[in-house]
Amino acid sequence: MRRNVNRPGSGVVPAWLAVTVMAVGLLVAAASLGPISARAQIAEPVTPDELTQLARHGRFDAVLDALEPYRQNSDASELIEELRSRRALEQKRQEARGEQLETALESMREQIDEGRLDKAMVSLIEAHGLSERPERLLQEPEVADLIDEVKAKSAAAMEEHDYLEALNLYHRLKLLYEDQGYYKKESKAAGGHVRLLQLYVPETLHEMTRARAIERGDDVEDREELEYDDWRDRIEDIDLAMLRQTLRQASVDHVGALGYRDLMHEAVVGMRRMLATEALSATFKGMANQDARERYLDYLADLESSLERASYSMDFVEAISLADRIVGMNDQTVRLPRQVVLYELTEGITGRLDDYSSVIWPVDVPALMRSTQGTFSGVGIQISRQERELVVVSPLENTPAQAAGIKAGDRITRVNGKPTSTWSLTRAVDEITGPEGSPVELTVEREGKTEPMNFALRRARIEIDSVRGWDHLPGGGWNYLIDPERRIGYVRISQFIPRTAADLDAAVQQISENGPVGGLILDLRFNPGGLLTSAIEVSDRFIDEGKIVWTVDGKGTKSGEASAKRRRTYDDFPVVVLVNQGSASASEIVSGALQAYGRAMVVGVRSFGKGSVQDLFPLSRGKAFLKLTTQYYVIPSGRIIHRLPEAVTWGIEPDLEVKMTDGEVSAALLRRQAADVLRSTEYQAPEGEEPVMASEILEEGLDPQLEAALFWLKTQNLADQLTMARQ
């Protein structure tokens, strides 16, 4: 029995903020607009349709010039002034990017001179993202020499079992060549060793990291004794049936149709990796027995060699028999806990599949349920770790935390009397959440208060808010109008959960309360996906007929088609969808469907390319689950959006490409987060301070992608008015 949750966005780990492969400036679409491209070439006023096309291709300076003959129109005059401000902001951005590029290259040279290759690579990645000709930059002699040296040092670090150094360098190479997909395999191998250290000997890993920093002369602050997650919690309730069921299901239902020999080969490789990580002997005393460990390693090496032979065939019974023998050899040699061996063998099997197939172990099942249901039981706060402190980012609406008066910026020092200074964020979430109706006490320190404050709360059912607007209203709720005068709305969808379509309906209803919708910006940036059913419902709001999405298996066999219905379709107002490299899965289905039918213009940069279906198969009667990739999504254009191995195209390509540097992305996100803070109706900013407003994002030119979307809608709005005036 399978449970199809169709969670296209699960596990997307977006490394988006570190991917610096972005060029400078607003790039123009390839289509030529003929002679109408500059003021000097305009003999007669451009038509409204020509105005719209100029904006559609990002030629906002040409729009500004073309609007001069319409200056007598008050709306045109207002747009002219706004476009002039945009031009000045763009010039500042260009100048800033040029300065940042020179600074990054100079920093790279300094780090090379000091022998700090890892930091030199960080500067190179930054420069690569800022350069207008990134590929040419990589061919510069000093850059090519740096890359060659890093390649050699990475390989040497793996040979010397310096896994931290290997991962550090390979990860940077992977980021530099993100679009090409290079160094993923090498980074994964080094990361596998570091994962073992993190899970089984976290104290050792921390000390290794600290010693490495001291050796390199980095600043290392004194820290209190840290608390670590216990590996015993991760293997609790694991049994042999989970391995067997994973093996069978993976071979039968995975989209890649891998055989048992391939799967068991990767399981053996995983066990060899564990045995080769000598630092684990601090936790597993049997590994300290050199003779026993070598005997087990030799046994595994022989198995690996046999499994690499193409002539070696294996059925399910033989695969399970081999797994039993591997467990038995462990019992005769290093005597790792059996559950550890089962865990590592199973992790090896799923590691052979794809990036999105994995086992949801018993310890992870509660988090899975929270993410699929769109609700959880807690007090209703967003929290983060900032300089070793647990800080409230914002209370959530209509929650115990909001009712009790917990505020953004409060530092949670204790939970139920236990100090939080050494907790991981995961530990903090686990401690604060709990059964509905159960009590929890938070002790917080607040700026301006001399004594800690205690809040006795009762946990409640918390609805996850996946739809947000432009301005967060005091006390709760959202204003969805980014441009009230033109009635242009702005809606952000952070993930697709059961409530998303209904919440979107409410947002559109608010936008249309005092007149027809002049346009809508649907922001799907950094949206990792969610429920397929929700993505279909959202797409159906904009499309009145036709296929929205369907699936194909590894052989291309079509299934699972979903089509639009007229019943709930919105009015035909202009729509812009914002996407970036953090938009994945369900968000790609929505943007791809709206783009294919010409229902929306897509602005931003190419999306992530996660278009695969994961089914959930229960293991050991639901104590755990296997999340398995079984199909690929196909959008109405007929294209698979998943980034397949060796793929040249993937994801959703925007109609108007607008790139942002990592620094610009970070600045925009931080300002957005500050503007999203929920404040009480009685809130008064400290003297000399003003609460952050969303409008500052546009006024300061922090978000060129949002800016382009808004100006296209404004131009479209004006063009419609001019067309009506001509009739």
Side-chain angles (χ1 to χ4, degrees), residues 197-207 209-210 213 219-234 236 363-371 375-462 464-465 669-670 673-674 676-680 686:
L197 297 172
Q198 179 67 51
L199 176 59
Y200 297 115
V201 285
E203 301 94 335
T204 302
L205 179 61
H206 173 69
E207 288 306 316
T209 304
R210 181 182 174 86
D219 293 333
V220 180
E221 62 178 272
D222 292 331
R223 302 191 63 174
E224 302 174 26
E225 184 177 350
L226 299 175
E227 291 186 19
Y228 302 99
D229 296 334
D230 194 326
W231 60 271
R232 296 174 186 83
D233 295 335
R234 176 139 293 276
E236 189 174 358
V363 69
D364 300 318
V365 169
L368 170 71
M369 296 307 163
R370 287 198 299 268
S371 64
T375 64
F376 65 95
S377 177
V379 300
I381 51 175
Q382 290 177 285
I383 56 177
S384 67
R385 291 286 306 182
Q386 300 176 20
E387 297 180 353
R388 299 169 53 199
E389 292 185 317
L390 197 62
V391 179
V392 176
V393 174
S394 177
L396 304 180
E397 295 179 29
N398 304 315
T399 62
Q402 183 192 23
I406 291 178
K407 299 181 179 181
D410 284 350
R411 301 181 299 279
I412 303 174
T413 57
R414 291 179 179 273
V415 176
N416 289 331
K418 294 182 285 188
T420 64
S421 60
T422 60
W423 288 2
S424 66
L425 200 56
T426 301
R427 167 79 185 279
V429 171
D430 289 342
E431 292 283 350
I432 295 173
T433 57
E436 186 174 354
S438 61
V440 61
E441 183 177 77
L442 305 185
T443 301
V444 308
E445 293 180 356
R446 180 175 295 169
E447 195 72 30
K449 297 288 185 181
T450 57
E451 297 294 330
M453 307 168 67
N454 292 317
F455 292 90
L457 308 172
R458 285 201 173 272
R459 299 179 177 101
R461 184 184 180 88
I462 307 297
I464 297 174
D465 183 11
L669 283 176
L670 289 173
Q673 178 178 293
D676 282 351
V677 170
L678 176 60
R679 314 236 182 239
S680 68

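Just so it is clear, the values below take in all heavy atoms, side chains as well, and ignore hydrogens, waters and symmetry mates.
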Do [X] and [Y] come close enough that some side-chain heavy atom pair is under 4.5 Å?
X    : Y    : result
L396 : I462 : yes
V415 : L442 : yes
E441 : L457 : no
P395 : V379 : no
I381 : I412 : yes

Please report the closest heavy-atom contact between [X] and [Y], naming both atoms and the distance.
X    : Y    : value
V440 : N416 : CA-OD1, 3.5 Å
L678 : S394 : N-OG, 3.0 Å
S384 : V393 : OG-CG2, 3.6 Å
D230 : R232 : OD1-N, 2.9 Å
P400 : G378 : CG-O, 4.3 Å
W231 : L199 : CB-O, 3.4 Å

Using the test salt bridge (charged side-chain N to carboxylate O under 4.0 Å, His left out), find all partners of R234 that sit at least two apart in sequence or belong to another chain.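 Expected list: D364.
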Non-neighbouring partners of E445 that pass salt bridge (charged side-chain N to carboxylate O under 4.0 Å, His left out), sequence neighbours left out: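 For E445, the residues satisfying salt bridge (charged side-chain N to carboxylate O under 4.0 Å, His left out) (neighbours in sequence not counted) are R411.
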How long is the straight-line distance from CZ of R427 back to CG of D430, given to the nearest 0.5 Å?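 Output value for this atom pair is 8.5 Å.
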How long is the span from the OG1 atom in T426 to the CZ atom in R385, to the nearest 0.5 Å?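 One finds 11.0 Å between OG1 of T426 and CZ of R385.
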Quick test of your reading: applying salt bridge (charged side-chain N to carboxylate O under 4.0 Å, His left out), list the pairs with at least one residue in residues 414-425, sequence neighbours left out, ordered by first then second residue.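 Qualifying pairs: K418-E431.
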Is the backbone N or O of [Y] less than 3.5 Å from a side-chain atom of [X], with the two atoms forming a donor-acceptor pair by type?
X    : Y    : value
S377 : G434 : yes
R446 : D410 : no
E207 : E203 : no
R679 : K407 : no
R459 : T433 : yes

